[in-house]
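Quick caveat: nothing in here was measured; it's all calculated off a predicted structure. Side chains included, hydrogens not; waters and symmetry mates left out as well; all remaining heavy atoms used. Numbers for residues simply follow the sequence, beginning at 1.
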Amino acid sequence: MKTRRKKNRHYINSKVNITILLLIILISTVFSIYSLGENNETNQISYSTYTILSGDTLWDVSTKYKNPNDDTRDFIEKIVEANQLTSLNVIPGQKLLIPIESTLN
């Protein structure tokens, strides 16, 4: 009789321990997700104007203005969107708005 009680008590204790462990994992996951979404940095975009010179391409312009860690192709896409370009061809004398992104804390 006593061994059966011990087994039941052990079974109940193990279920309680598993439940507590799962709750701890759930709570830590929720806090992790919440802290990932809480970003105090704000990206602010300003624009610079660039006049296309003879022989310039969007690639050339992009490499002059992009952040070193940015992909040149992504920055070209930002220039295209900012200027509502329908083609990647540019002509000398054409003025382009160049998005300059800065991070504020």
Looking at every heavy atom in both Ile76 and Leu58, which two are closest together, and how far apart are they?
CG1-O, 3.8 Å
As an exercise, state the distance from OH of Tyr65 to CD1 of Ile98, rounded to the nearest 0.5 Å.
6.0 Å
Test: salt bridge (charged side-chain N to carboxylate O under 4.0 Å, His left out). Region: residues 77-86. Which pairs qualify, not counting sequence neighbours?
Lys78-Glu101
Sequence neighbours excluded, every pair satisfying side chain to side chain donor-acceptor pair (under 3.5 Å) that has a member inside residues 19-31:
none
Considering residues at least two apart in sequence or located in another chain, which fulfil the side-chain contact (heavy atoms from CB on, under 4.5 Å) criterion with Ile24?
Ile20
Taking atom types as modelled, find out whether Asp60 and Thr57 have a side-chain donor-acceptor pair closer than 3.5 angstrom.
yes
Using salt bridge (Lys or Arg N to Asp or Glu O under 4.0 Å) as the criterion, list what pairs up with Asp71, not counting sequence neighbours.
Arg73
Drop me the distance from Asn67's CG to Phe75's CZ, to the nearest 0.5 angstrom.
7.5 Å
Near Lys15 NZ, under 6.0 Å, is it more than 12 heavy atoms from other residues, nucleotides or ligands?
no
Could you state the interatomic distance from CD1 (Ile79) to OH (Tyr50), rounded to the nearest 0.5 Å?
10.0 Å
Note, Ile52 side chain near Leu96 side chain (heavy atom, < 4.5 Å)
yes
Sorted by chain and number, sequence neighbours left out, side-chain contact (heavy atoms from CB on, under 4.5 Å) with Leu97 holds for Tyr47, Thr49, Asn83
Which heavy atom of Pro92 sits nearest to which heavy atom of Ser54, and what is that distance?
CG-CA, 3.8 Å
Going by the side chain to side chain donor-acceptor pair (under 3.5 Å) test, which pairs reach into residues 86-98, not counting sequence neighbours?
Thr51-Lys95, Ser87-Asn89
Could you tell me whether the side chain of Ser62 and the main chain of Thr72 form a donor-acceptor pair under 3.5 Å?
yes
